[in-house]
Novice: 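Sharing a structure here in structure tokens format.
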Amino acid sequence: MHEFKYKNNQLYCEAVRIADITQKVSTPFYLYSYATLLDHYRKLVKAFSSIKPLVCYSMKANSNLSICRALVKAGSGLDIVSGGELYKALLAGCSPKKIVYASVGKTEEEIRRAVAREILFFNVESLPELELINKVAKDIGKAASVALRINPDVEPGTHTYITTGKLTNKFGIDFDAAYKIIQNRAKFSSLNFKGLHIHIGSQIIQAGPYVLAIKKMASFITKLKKELIGIEYLNIGGGLGIIYAQEKPQTAEEFSRKVLPILKNTGLKIILEPGRFIVGNAGILVTKVLYLKKTPLKNFVIVDAGMNDLIRPSLYGAYHEILPLRRTQDAGRRTNKVDVVGPICESGDFFAKDRRLPEVKEGDYLSIMGAGAYGFSMASNYNCRLKPAEVMVKGDKFYIVRKRDSYLDLVRKDIIPGFLK
Ligand code: LLP
């Protein structure tokens with residue numbers, strides 16, 4: 001469910017007619033629905049209310065400060081993966097006690113900052129990383145809390161690029177190695193072993209792989225308990241899939257019904273780290289049709305957004321629904337197949353291929369749906385294009401929550417050395 005709906009054939013975001021925003025903000029721009037964002041967060045919290053989990057929104061999906069702030073105000077913690085995300089998480093007002101930090105490549109500097117701020121815990125992905133965190137913590141005289149990220153070796157049934165819980169992936173630590181580390185935990189005198197973590201992949205639409213992974217975790221936890229090794233938290237990661245096209249992903253309720261019994265049995269505090277589930281369908285990318293170009297073999301709809309703004313179709317072959325902001329009478333009638341493409345100098349720069357769309361004209365506006373997650377956060381300045389503005393709607397008002405780049409932004413950090421002057 002989301003708050004992007006037609007009224008009188010005009011696409012609205014909550015109570016704002018999106019065409020009205022295009023009068024004030026130049027395209028392309030991202031548009032977020034505050035109500036949808038919070039609704040998704042609350043759905044998850046409600047589905048798991050019997051165990052009161054800590055939901056740590058995964059900032060990598062969309063780290064706009066207003067998005068993070070909205071969720072933090074609603075009670076969410078944050079899942080971070082870099083020093084930059086730590087910086088933004090704190091700026092968004094997140095308590096360090098609600099921050100968890102994953103990443104296979106944390107630098108010493110990043111670790112130092114996170115130890116100094118006393119985050120809830122690091123999700124540790126290797127033995128050398130664990131050793132470094134211990135050393136840094138000792139150096140600055142503060143104990144650091146850690147959870148071991150386990151690689152449970154399960155197949156999540158998603159795109160290979162976003163599969164993370166198989167032993168061929170770079171993530172996490174296998175059960176045997178983790179067991180040895182935990183047995184030897186006294187060696188790490190500046191670390192508190194607080195928990196275990198898994199994150200098996202992204203855009204997972206069925207509960208099966210989670211059930212399998214969590215069951216494996218549950219038996220591991222039982223094994224630890226037998227040896228009187230106490231663990232406080234189990235972090236089951238993110239990865240919940242959403243609807244882009246015809247998918248029928250599990251709802252939060254269905255998901256919780258499947259996993260809650262196993263989670264409850266562990267007796268541990270539970271953490272969830274969803275990104276896409278919360279923000280994916282809370283955002284769209286609004287773009288304008290620049291040209292219609294017919295070639296002997298193709299009909300191209302050339303729009304003013306490019307793969308630099310939204311890379312998912314180019315990178316993963318991802319499907320995003322495309323809707324006109326203004327629907328015409330015969331909207332049901334789909335026209336010729338078109339390719340919707342951007343202005344970038346690569347043939348991989350497309351949003352749709354051979355798609356039947358309602359008739360569009362030059363100057364029309366289109367909405368690329370389901371662009372709230374991994375949209376702006378993966379945007380770049382490729383081709384010296386300006387990163388788009390981000391706009392948030394709440395009720396009948398809209399707010400610019402990030403300005404569009406300026407040309408000055410493109411050169412601000414370039415330095416021409418003296419010998420070239
Ligand atoms: N926790 C960890 C440790 C993660 O690596 C991720 C995502 C999440 C949580 C959140 O996953 P989510 O709930 O959003 O599925 N760029 C790709 C998705 C990459 C996901 C990376 N890790 C895409 O556009 O599909």
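Counting starts at 1 for both ligands and their atoms, in listed order. Because the structure is a prediction, the values reported are computed rather than measured.
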Novice: At under 4.0 Å between heavy atoms, is it the side chain or the backbone of R276 that contacts ligand 1, or both, or neither?
Specialist: both
Novice: Does only the side chain of H199 get under 4.0 Å from ligand 1, or the backbone, or both, or neither? Count heavy atoms.
Specialist: side chain
Novice: Which residues pass the side chain to side chain contact (heavy atoms under 4.5 Å, CB included) test with T251, not counting sequence neighbours?
Specialist: E253, E254
Novice: Heavy-atom distances under 4.0 Å decide this one: backbone, side chain, both or neither, for Y316 against ligand 1?
Specialist: side chain
Novice: Looking at D79, which atoms of ligand 1 are within less than 4.0 Å of one of its heavy atoms?
Specialist: 1 (N), 2 (C), 9 (C)
Novice: So for M378, does at least one of its heavy atoms come nearer than 4.0 angstrom to any atom of ligand 1?
Specialist: yes
Novice: What pairs with Y57 under ring-ring contact (aromatic ring centres under 6.0 Å, His included), at least two apart in sequence or on another chain?
Specialist: none
Novice: For D304 and T27, test the side chains for any donor-to-acceptor distance below 3.5 angstrom and give the result as yes or no.
Specialist: yes
Novice: On the ring face of Y87, is R113 found with NZ or CZ under 6.0 Å from the centre and within 45° of the axis?
Specialist: no
Novice: Pull out every atom of ligand 1 sitting under 4.0 Å from any heavy atom of P274, numbered as shown with elements.
Specialist: 13 (O)
Novice: Once you measure the plane-to-plane angle for F277 and H40, does it fall in the parallel (<30°), tilted (30-60°) or perpendicular (>60°) bin?
Specialist: tilted
Novice: Check R149 against ligand 1 and report side chain, backbone, both or neither, counting heavy atoms closer than 4.0 Å.
Specialist: side chain
Novice: Near I162, which atoms of ligand 1 are under 4.0 Å from a heavy atom of that residue?
Specialist: 17 (C), 18 (C), 19 (C), 25 (O)
Novice: Is it true that S33 and E14 share a donor-acceptor pair across their side chains at a distance under 3.5 Å?
Specialist: yes
Novice: Classify the ring geometry between H2 and F4 as parallel (under 30°), tilted (30 to 60°) or perpendicular (over 60°).
Specialist: tilted
Novice: Applying a heavy-atom cut-off of 4.0 Å, say which part of S58 lies close to ligand 1: side chain, backbone, both or neither.
Specialist: side chain
Novice: In ligand 1, which numbered atoms sit nearer than 4.0 Å to a non-hydrogen atom of G238?
Specialist: 9 (C), 13 (O)
Novice: If we only consider heavy atoms of G239, is any one of them less than 4.0 Å away from an atom in ligand 1?
Specialist: yes
